[in-house]
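Heads up: the structure comes next, in structure tokens.
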Number of protein chains: 2
Amino acid sequence: MVEYKEAALDDVFVALADPTRRAILARLAQADARVTDLAREFPISLNATSKHIRMLERAGLVQRTVLGREHLLTMEAAPLAEAAAWLAHYRQFWETSLASLDAFVTGRRAVARAKERK
Amino acid sequence: MVEYKEAALDDVFVALADPTRRAILARLAQADARVTDLAREFPISLNATSKHIRMLERAGLVQRTVLGREHLLTMEAAPLAEAAAWLAHYRQFWETSLASLDAFVTGRRAVARAKERK
């Protein structure tokens, strides 16, 4: 079960590691689309579009419904919840590091203001 | 700025798309470590460990401090906040799809119970 989850997370993060695939997901979040619609809307070939879609399907992020000669694509957001849950374990760390950065910037500003006053 | 952010997100998602790299991050979240510590703790070669660490550094998730002959590694969680922010845009979608699944399962159970009663 743990190994299955790890492999599923690999596929989701790989699928998200490309700006075109992220843009395809954003597009499908607006409305379902056919493969040919996406190939027309994105500045890439039909072949490249198909490859990106296969990686999204592999991660379970896109579902394909074959209607005669049309392949309709739907976004499936559930695997993103797994990725978000993994990241959530680290929230305390980035909140701490962003708070430190904030304190550092505030401190530098105070020093700068103190210098201006001299 | 957008392109920079997109490229940074690519690096973060690529870095997270491997179970060993996720485990290295989880280890560094506990405490800083030397490259040799990680190579000893994980069932992979020193060379493989170094490669994984370089991918984590490239994504800004690990910082290396050279102290004489020792290379001390520290987790930097801030880039994870960017990845979490990207995923958060899709929260409404996965919450909807998980709610649909929940309703489906509840419905199936009700049908099963009704059949049992017959």
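Every chain is numbered from 1, with letters handed out A, B, ... down the list of sequences.
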side-chain contact (heavy atoms from CB on, under 4.5 Å) against A:Ala29, all qualifying residues, sequence neighbours excluded: A:Met75, B:Tyr90, B:Phe93
Heavy-atom pair count under 4.5 Å with chain A, highest-scoring of B:Pro19, B:Ala84, B:Ala83: B:Pro19
Residue pairs, two or more places apart or on separate chains, that pass side chain to side chain donor-acceptor pair (under 3.5 Å) and touch residues 59-73 of chain A: A:Arg34-A:Glu70, A:Glu57-A:Arg64, A:Arg64-A:His71
Geometric class of the A:Phe13/B:Phe13 ring pair [parallel <30°, tilted 30-60°, perpendicular >60°]: parallel
Under 4.5 Å from a heavy atom of chain A, the part of B:Ala88 involved: neither
Interface moiety of A:Ala15 toward chain B, non-hydrogen atoms closer than 4.5 Å: neither
Donor-acceptor contact present, side-chain A:Arg22 to main-chain A:Leu16, <3.5 Å: yes
